[in-house]
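For reference, the structure is listed below as structure tokens.
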Amino acid sequence: MSMRIGYGFDSHVFQAGVPLMLGGLAVEHAEGLAGHSDGDVLLHAITDALLGAVSAGDIGSFFPPNDPRWKGADSSVFLQTALEEVATAGYRIVNIDTVLVMAQPKIAPIAGELRERVAQLLGVKPGEVGIKAKTPEGLGLDHTAIAHCTVLLESLQAPEALGELVATAEAESEEELNAVVEGLVGGRHDMSALGRKVTPFDTDDLT
Ligand code: MG
């Protein structure tokens, strides 16, 4: 089974008069986050981590910030696109871990709800999502929200499925060998193109 990791980072400045969106959740706070979209810094970091894990570029290459279509966009749309890229590449999420860095609001009271919402958007269990929070001490960034995310993916091909493809056979002729291979793959493919040949030596000599 193959595994891949991804990492994402994002930052947005706080702005009065806009709702605060974090992880797809509307959070009660005096200020929201400035941005071309809804400014959901957490979903943007998760989206970039997913895209990075399958080497599919970044959020800006899919949704350019100067494109009017994404003005005020719900960031879960970006996340869904990243999930499609992950599925297309043949992977699924094992777990994600995140860190939010912001002076206000306090994340601890809403961390459980945030975890549930992010898990729902990702189609995973809450136990597969980590939400952690820090204050930006010493950074001089009290008016900025920062998000980091790491993600681990595993290939969709199950080990049992691989096991089913492993078989040994004794074939007296090319036709017989093709029949065995055809049986293994369910007869769905044209075997003639594979060019399989009966081995010109006695395979017992190999053992
Ligand atoms: Mg962003």
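Just so it is clear, the values below take in all heavy atoms, side chains as well, and ignore hydrogens, waters and symmetry mates. Atoms within a ligand are numbered from 1 in the order they appear, just like the ligands themselves.
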So which residues get pulled into Leu141's cluster when ILVMFWY side chains under 4.5 Å apart are joined, directly or through others?
Tyr7, Phe9, Val99, Val101, Leu139, Ile146
Is there a side-chain contact (heavy atoms from CB on, under 4.5 Å) between Ile131 and Ile110? Walk through the geometry before answering.
CA-CA 10 Å; Ile131 302 282; Ile110 60 165; over 6 Å; no
Pairs involving residues 84-105, ordered by first then second residue, that meet ring pair (Phe, Tyr, Trp, His ring centres under 6.0 Å) (sequence neighbours left out)
none
What lies under 2.8 Å from the Mg ion (ligand 1), restricted to protein N/O/S atoms, is Asp10 OD2, His12 NE2, His44 ND1
Atom pair NE2 (His44) and CG (Leu79), whose distance is rounded to the nearest 0.5 Å
10.0 Å
How would you list, by chain and number, every residue that makes a side-chain hydrogen bond (donor to acceptor under 3.5 Å, both in side chains) with Gln104, sequence neighbours excluded?
none
Smallest separation among heavy atoms of His36 and Pro68, with atom names
NE2-CA, 4.3 Å
